[in-house]
2 protein chains.
Amino acid sequence: MISRKTKYGLKALSFLAKQESNKPVQISVISEAENISQKFLESILLSLRKAGFLASKKGKGGGYYLLKETRDIPLASIYRILEGPIAMVPCVSLNFYEKCHDCPDEHSCDVHKLMIQVRDNTLSILENTSLQDFIKES
Amino acid sequence: MISRKTKYGLKALSFLAKQESNKPVQISVISEAENISQKFLESILLSLRKAGFLASKKGKGGGYYLLKETRDIPLASIYRILEGPIAMVPCVSLNFYEKCHDCPDEHSCDVHKLMIQVRDNTLSILENTSLQDFIKES
DNA sequence: TGTTTACTCTATTAATCCGATAGGATAAAT
DNA sequence: ATTTATCCTATCGGATTAATAGAGTAAACA
């Protein structure tokens, strides 16, 4: 299961992607439309901005807007920013590798072998689905 | 990422599956071989027993052993028992369905639509990988 | 029958994470 | 200047996780 943070982030990105123009949208607008706590959404959008997917404008008429084309925002990137590693165990993570504390030797671990397969399969979905695909069929 | 509970459970099942005979294996043997806290492993094996995958014998010569054929234990079942829902959001879970608190209407939710696809894809991997497949190539 | 062995069950704990909130700082528009 | 709206840090209660403790139960075996 993904956290609310990730779900909210996806909903907000989808909301922004569906605007006709690229005019900034205020946090309060998104939070009301999508039933998300405004303060919580603030921190989520901030993460997405720091990751380079969104830009913001302060002051009157300000807000958030997409910085990239929707087709250039793969689900995998959003997931990594908001949720963390895509791999099921740290020892097979490409972007967040960590040794498992209980494994003296990864290469002799069945779970390790299995999780590499699961990771590759999951990755192929998440890398090949973009924000565009995902609002397309609404 | 999966919890340690699930990882330990997988390792323990794999360990049992690799025994030649179906003689009971003591918790302490598994916990030492796999570097798992014995007490924690106790509760994990108990869950797997209650779910019908393992059986146990008490007393001398006792321990845990597999109750089903390794090919009849899909990863999906183990995952559901130890980790919980496979779906990324409760509103698309087949076995643990719950309405999302922030969605007045699931059918108009982009995330909902997307997560159905992700779920089906993930499911097809986890349902079609059995404990047998997963120890096979060690 | 009694002792050892090993699973069963409950419950407690420390640490971490999650979701949410508060409030002041900063920057832009008018 | 004043208003608007993002930026940033800090905090909080509650839930979950991983691990531990200890008493209870059942089986084997001498």
Side-chain angles (χ1 to χ4, degrees), chain A residues 1-12 16 23-32 34-67 81-85 88-90 96 98 100-103, chain B residues 1-12 16 23-32 34-51 53-67 81-85 88-90 96 98 100-102:
Chain A
M1 299 276 256
I2 54 174
S3 59
R4 290 192 180 183
K5 185 172 165 187
T6 303
K7 195 194 177 196
Y8 293 166
L10 288 170
K11 286 178 80 174
L16 288 172
K23 285 219 184 99
V25 180
Q26 294 156 37
I27 298 175
S28 61
V29 171
I30 306 175
S31 83
E32 278 168 38
E34 301 290 352
N35 290 303
I36 304 171
S37 144
Q38 177 167 341
K39 278 296 197 176
F40 194 22
L41 184 57
E42 267 185 45
S43 68
I44 296 169
L45 295 180
L46 207 52
S47 307
L48 291 170
R49 193 198 53 133
K50 288 182 176 165
F53 294 108
L54 299 179
S56 60
K57 284 191 71 148
K58 288 182 179 181
K60 193 172 187 181
Y64 278 94
Y65 55 97
L66 279 180
L67 205 56
I81 294 160
L82 297 177
E83 192 70 25
M88 286 199 173
V89 282
F96 302 83
E98 237 175 289
C100 288
H101 68 295
D102 57 318
C103 271
Chain B
M1 300 276 256
I2 55 173
S3 59
R4 289 192 179 182
K5 184 173 165 186
T6 304
K7 194 193 178 197
Y8 292 165
L10 288 170
K11 287 178 80 174
L16 289 173
K23 285 218 184 99
V25 180
Q26 294 156 36
I27 298 175
S28 62
V29 171
I30 306 175
S31 83
E32 278 168 39
E34 301 290 351
N35 290 303
I36 305 171
S37 142
Q38 177 166 342
K39 279 297 198 175
F40 193 23
L41 184 57
E42 270 183 40
S43 68
I44 297 169
L45 295 180
L46 209 51
S47 306
L48 291 170
R49 193 199 53 135
K50 287 181 176 166
F53 294 108
L54 299 179
S56 60
K57 282 191 71 149
K58 288 183 178 179
K60 192 171 186 181
Y64 278 94
Y65 54 96
L66 279 179
L67 206 55
I81 293 161
L82 298 177
E83 192 70 24
M88 287 198 172
V89 283
F96 302 83
E98 238 175 288
C100 287
H101 68 295
D102 59 317

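Just so we're on the same page: letters track the sequence lines, and every chain starts at 1.
What you find for B:Ile81 and B:Ser47 is that their closest heavy atoms are CG2-O, 4.2 Å. Here the closest heavy-atom approach between residue B:Leu41 and residue B:Ile27 is recorded as CD2-O, 3.9 Å.
Using a cut-off of 4.0 Å between Lys/Arg side-chain N and Asp/Glu carboxylate O, B:Lys7 and A:Asp102 are scored as salt-bridged.
Side-chain proximity of A:Lys60 to the nucleotides D:dA19, C:dA29, C:dT8 is greatest for C:dA29. Here the nucleotide nearest the side chain of A:Lys5, chosen from D:dA28, C:dG19, C:dC9, is C:dG19. Nearest to the side-chain atoms of A:Lys50 among the listed nucleotides D:dC8, D:dA18, C:dG19 stands D:dC8. The listed nucleotides are C:dT8, C:dT26, C:dA6; the one nearest the side chain of A:Lys58 is C:dT26. When each of C:dA6, D:dA18, D:dA5 is scored by its nearest atom to the side-chain atoms of B:Phe40, the top-ranked nucleotide is D:dA18. For B:Leu46, the side-chain atoms get nearest to C:dC9 when compared with the rest of D:dT6, C:dA20, C:dC9.
As judged by a 4.0 angstrom heavy-atom cut-off over every strand, B:Ile27 is placed among residues touching the sugar-phosphate backbone only. In this structure, A:Lys7 reaches neither bases nor backbone, as no heavy-atom distance under 4.0 Å exists between it and the strands shown.
A:His101 places its NE2 atom 9 Å from the P atom of D:dA18, with the value rounded to the nearest Å. Taking atom CD of B:Gln38 as the reference point, atom P of D:dG22 lies 15 Å away to the nearest angstrom. The interatomic distance linking B:Glu83 (CD) with D:dT16 (P) rounds to 13 Å, in whole Å. Distance A:Met1 CE to C:dC18 C1': 14 Å, rounded to the nearest Å. The distance between atom OH of A:Tyr8 and atom P of C:dC18, rounded to the nearest whole Å, is 14 Å. Note: NZ (B:Lys23) to P (C:dA6) measures 15 Å, nearest angstrom. The distance between atom CG of B:Leu41 and atom C1' of D:dT17, rounded to the nearest whole Å, is 16 Å. At whole-Å resolution of the value, OH in A:Tyr64 and P in D:dT6 are 7 Å apart.
Contact annotation: side chain of B:Lys39 to base of D:dG22, donor-acceptor pair present below 3.5 Å.
Taking side-chain N and O atoms only, B:Ser37 has a distance below 4.0 Å to OP1 or OP2 of D:dT20. Within the structure, every side-chain polar atom (N or O) of B:Ser56 is placed at least 4.0 Å from both OP1 and OP2 of C:dA6.
Along DNA chain C, the nucleotide closest to B:Lys57 and the one closest to A:Glu42 are compared, and the more 5′ of them pairs with B:Lys57. Both B:Gly59 and B:Arg49 lie close to DNA chain C; mapped to their nearest nucleotides by heavy-atom distance, the more 5′-ward contact belongs to B:Gly59. In this structure, A:Gly63 and A:Ser43 both approach DNA chain D, and ranking their closest nucleotides by distance from the 5' end singles out A:Gly63.
Annotation: side chain of A:Cys100 is in contact with side chain of A:Pro90 (closest heavy-atom distance under 4.5 Å).
Within 6.0 Å of the CD atom in B:Glu98, the count of heavy atoms belonging to other residues, nucleotides or ligands does not exceed 12.
The backbone N or O of B:Ser3 sits less than 3.5 Å from a side-chain atom of B:Glu83, completing a donor-acceptor pair.
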